[in-house]
Amino acid sequence: MASLLNSVPSIKLSNFNYNNPLRSSQISFSLSRRRLVVRATETEKEAKAKAPDKAPAAGGSSINQILGIKGAKQETDKWKIRVQLTKPVTWPPLIWGVVCGAAASGNFHWTPEDVAKSIVCMLMSGPFLTGYTQTINDWYDREIDAINEPYRPIPSGAISEQEVITQIWVLLLGGLGLAGILDVWAGHDFPVIFYLALGGSLLSYIYSAPPLKLKQNGWIGNFALGASYISLPWWAGQALFGTLTPDVIVLTLLYSIAGLGIAIVNDFKSIEGDRAMGLQSLPVAFGSEAAKWICVGAIDITQISVAGYLLGAGKPYYAFALLGLIAPQVFFQFKYFLKDPVKYDVKYQASAQPFLILGLLVTALATSH
């Protein structure tokens with residue numbers, strides 16, 4: 001879900017040097033009646049080595065480009081670039097979270113209306129607000145991406161700053177608009193889905209943007225990311241069809257610790273840039289070897305704890321089903337991730353995460369009975 005910017009018509013970036021991106025790491029803001037102007041000021045940090053302007057065209061994948069993952073083909077079509085910025089590969093966990101919330105409510109029925117409601121909620125959570133989150137994150141990560149992935153759309157200049165800002169606003173306002181429609185559709189006296197979307201939007205903004213920039217701290221930033229990917233869409237789906245309860249809120253926040261572990265997986269490929277920019281990601285703070293074990297520990301211990309909770313709540317079948325889904329995750333951790341978290345990150349996530357998200361659904365079904 002994404003983050004709320006100030007209600008101004010335009011945002012303009014000036015003095016950003018794409019050829020020497022680390023000279024632009026401090027951001028200052030000036031607010032006038034008509035627009036918010038974002039100016040970059042120089043710092044003493046300089047990149048020690050220049051990265052190439054773009055990735056080699058040969059070997060680039062069109063599928064990777066659309067999904068927004070590394071190994072992407074260089075593209076000139078603006079609409080394809082816009083989709084790339086939203087990183088569609090990150091939408092499924094949010095969409096699945098809505099499914100889990102609907103299942104946990106116990107009130108979802110396979111009627112055309114309920115299916116239509118759930119689809120709109122998925123569009124809000126995935127393409128709109130997750131797309132917004134990814135776009136604004138790329139915007140504020142442009143200096144780091146110029147080191148780690150200089151061929152990405154923003155640092156390579158494949159899309160202009162004004163086009164990026166327009167996309168941010170369209171996705172944010174579109175997502176919040178859908179949230180308001182869902183509240184009306186569900187007959188809520190209090191617009192709970194709108195405020196969940198608004199809160200998630202603010203969380204995403206302070207995650208990526210200075211001065212708070214939660215992602216600078218590996219623990220806080222990754223937990224915020226985990227909560228955004230697991231708790232918020234679950235809450236939206238459950239609020240759409242039922243009522244949020246304190247035990248579900250606590251349980252999903254606990255599951256967000258597993259989301260913290262998943263977020264750490266993506267930090268290993270950015271160690272060089274994070275270190276250069278002073279970001280204390282866990283691989284930078286603890287070293288790659290220790291961070292690998294923190295990552296798998298957060299994922300596995302959280303799920304084992306949830307299984308223990310279900311067992312204590314008198315739901316042994318759900319508990320044992322969840323434990324059965326943890327086992328293959330551990331297998332793939334040893335086969336791929338613990339061997340080389342950079343080389344095998346995509347293989348690990350493609351192999352292990354389906355079992356984690358199935359575990360989420362098992363937990364949701366357990367809470368609905």
Side-chain angles (χ1 to χ4, degrees), residues 1-18 21 24-25 27-40 53-54 65-69 72-91 94 120 122-146 149-181 194 197-210 213 215 228:
M1 294 206 164
S3 101
L4 184 62
L5 303 175
N6 294 319
S7 299
V8 292
S10 64
I11 299 177
K12 181 180 178 183
L13 179 75
S14 61
N15 300 333
F16 180 72
N17 188 337
Y18 284 109
S24 319
S25 61
I27 307 295
S28 62
F29 296 83
S30 64
L31 182 63
S32 68
R33 183 176 64 85
R34 297 188 61 186
R35 64 180 180 177
L36 178 65
V37 180
V38 183
R39 293 189 176 90
D53 289 334
K54 63 179 183 178
Q65 187 274 325
I66 287 293
L67 293 177
I69 58 179
K73 175 186 176 183
Q74 291 297 302
E75 187 57 69
T76 57
D77 186 291
K78 282 296 171 66
W79 285 106
K80 289 183 178 180
I81 292 170
R82 288 185 182 281
V83 173
Q84 181 182 2
L85 282 176
T86 67
K87 292 191 178 78
V89 73
T90 64
W91 300 351
L94 283 291
V120 173
M122 291 173 186
L123 287 172
M124 174 196 72
S125 300
F128 278 91
L129 293 181
T130 304
Y132 157 77
T133 298
Q134 295 296 343
T135 305
I136 198 169
N137 186 64
D138 269 22
W139 176 251
Y140 284 106
D141 269 3
R142 59 195 181 278
E143 297 114 337
I144 296 176
D145 285 344
E149 300 175 276
Y151 44 83
R152 287 196 58 77
I154 296 175
S156 70
I159 187 169
S160 72
E161 60 185 55
Q162 189 56 53
E163 288 169 327
V164 176
I165 296 302
T166 300
Q167 175 160 320
I168 289 171
W169 279 107
V170 168
L171 293 173
L172 173 62
L173 296 178
L176 293 176
L178 288 178
I181 290 170
F194 176 81
L198 191 61
S201 298
L202 177 60
L203 180 63
S204 294
Y205 179 67
I206 64 175
Y207 172 82
S208 299
K213 199 162 188 171
K215 67 187 299 178
S228 296

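We use all heavy atoms of the structure for the numbers below, so side chains are in, but hydrogens, waters and symmetry mates are not.
- In this structure Lys213 satisfies the salt bridge (Lys or Arg N to Asp or Glu O under 4.0 Å) test with no other residue, sequence neighbours excluded.
- Every residue meeting the side chain to side chain donor-acceptor pair (under 3.5 Å) condition with Gln167, not counting sequence neighbours, appears here in chain and number order: Arg82, Thr135.
- The CG atom of Leu85 sits 9.5 Å away from atom CG of Leu171, with the distance rounded to the nearest 0.5 Å.
- In plain terms, the two heavy atoms of Thr130 and Thr90 that are nearest each other are CG2-OG1, 3.5 Å.
- Annotation: side chain to side chain donor-acceptor pair (under 3.5 Å) contacts of Ser208 (sequence neighbours excluded): Asn137.
- Contacts of Asp145 classified as side chain to side chain donor-acceptor pair (under 3.5 Å), with partners at least two apart in sequence or in another chain: none.
- Under the side chain to side chain contact (heavy atoms under 4.5 Å, CB included) criterion, Leu178 pairs with Val120, Leu123, Met124, Phe128, Ile181, not counting sequence neighbours.
- Shown here for Ala197 and Leu129, the closest heavy-atom pair between the two residues is CB-CD1, 3.8 Å.
- With rounding to the nearest 0.5 Å, the separation of CD in Glu161 from OG1 in Thr166 is 10.5 Å.
- Partners of Lys78 under the side chain to side chain donor-acceptor pair (under 3.5 Å) rule, at least two apart in sequence or in another chain, are Glu163.
- Between Ile154 atom CD1 and Gln84 atom CD the span is 10.0 Å, to the nearest 0.5 Å.
- Contact record, Pro88 with Gly68: CD-N, 4.4 Å, taken as the closest heavy-atom pair.
- Screening residues 132-141 for salt bridge (Lys or Arg N to Asp or Glu O under 4.0 Å), with sequence neighbours left out, gives Lys87-Asp138, Asp138-Arg152, Asp141-Lys215.
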Item checked: side-chain contact (heavy atoms from CB on, under 4.5 Å) assessment of Ser228 paired with Leu203 -> CA-CA 8 Å; Ser228 296; Leu203 180 63; 3.3 Å; yes
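- With rounding to the nearest 0.5 Å, the separation of CG in Leu67 from CH2 in Trp91 is 9.5 Å.
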